Amino acid sequence: MNARDRIVVGTIWIAVAGLMATTLELDGSLSAGLIARLVVILVALFLAAVYLFDPWGLLSRQPFH
């Protein structure tokens, strides 16, 4: 995966996290729905970091040539 593709996919994951963040209702109580939304936001941000920074070099390898 080249750098441009990784930037596009990372940006999409940031947008997903942003959209999910707009659905949060922080009224002081923790509900299952709130916890699930927080988990989705954290996973989306993690995936964005993986695609943008490629910390382990997984995306820059091309094993299926």
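Owing to the predicted nature of the structure, the values given are computational and were not obtained by experimental measurement.
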Only distances under 3.5 Å count here; give the side-chain donor-acceptor pairs of residues 6-15 to other protein atoms, sequence neighbours excluded, each with its distance to 0.1 Å.
| from | atom 1 | to | atom 2 | distance (Å) |
| --- | --- | --- | --- | --- |
| Arg6 | NE | Tyr51 | O | 3.1 |
| Thr11 | OG1 | Ile7 | O | 2.7 |

Using atom types as modelled, flag every donor-acceptor pair under 3.5 Å from a side chain in residues 29-38 to any protein atom, sequence neighbours excluded.
| from | atom 1 | to | atom 2 | distance (Å) |
| --- | --- | --- | --- | --- |
| Ser29 | OG | Asp27 | OD1 | 3.2 |
| Ser31 | OG | Leu34 | N | 3.3 |
| Arg37 | NE | Thr23 | OG1 | 3.4 |

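With sequence neighbours left out, the side-chain contact (heavy atoms from CB on, under 4.5 Å) criterion links Leu45 to Ala17, Ile41. For Val43, the side-chain contact (heavy atoms from CB on, under 4.5 Å) partners at least two apart in sequence or on another chain are Val39, Leu47. Contacts of Asp5 classified as side-chain hydrogen bond (donor to acceptor under 3.5 Å, both in side chains), with partners at least two apart in sequence or in another chain: none.
Tracing side-chain contacts under 4.5 Å through hydrophobic residues (I, L, V, M, F, W, Y), one reaches Val40 starting from Leu24; they form part of the same cluster.
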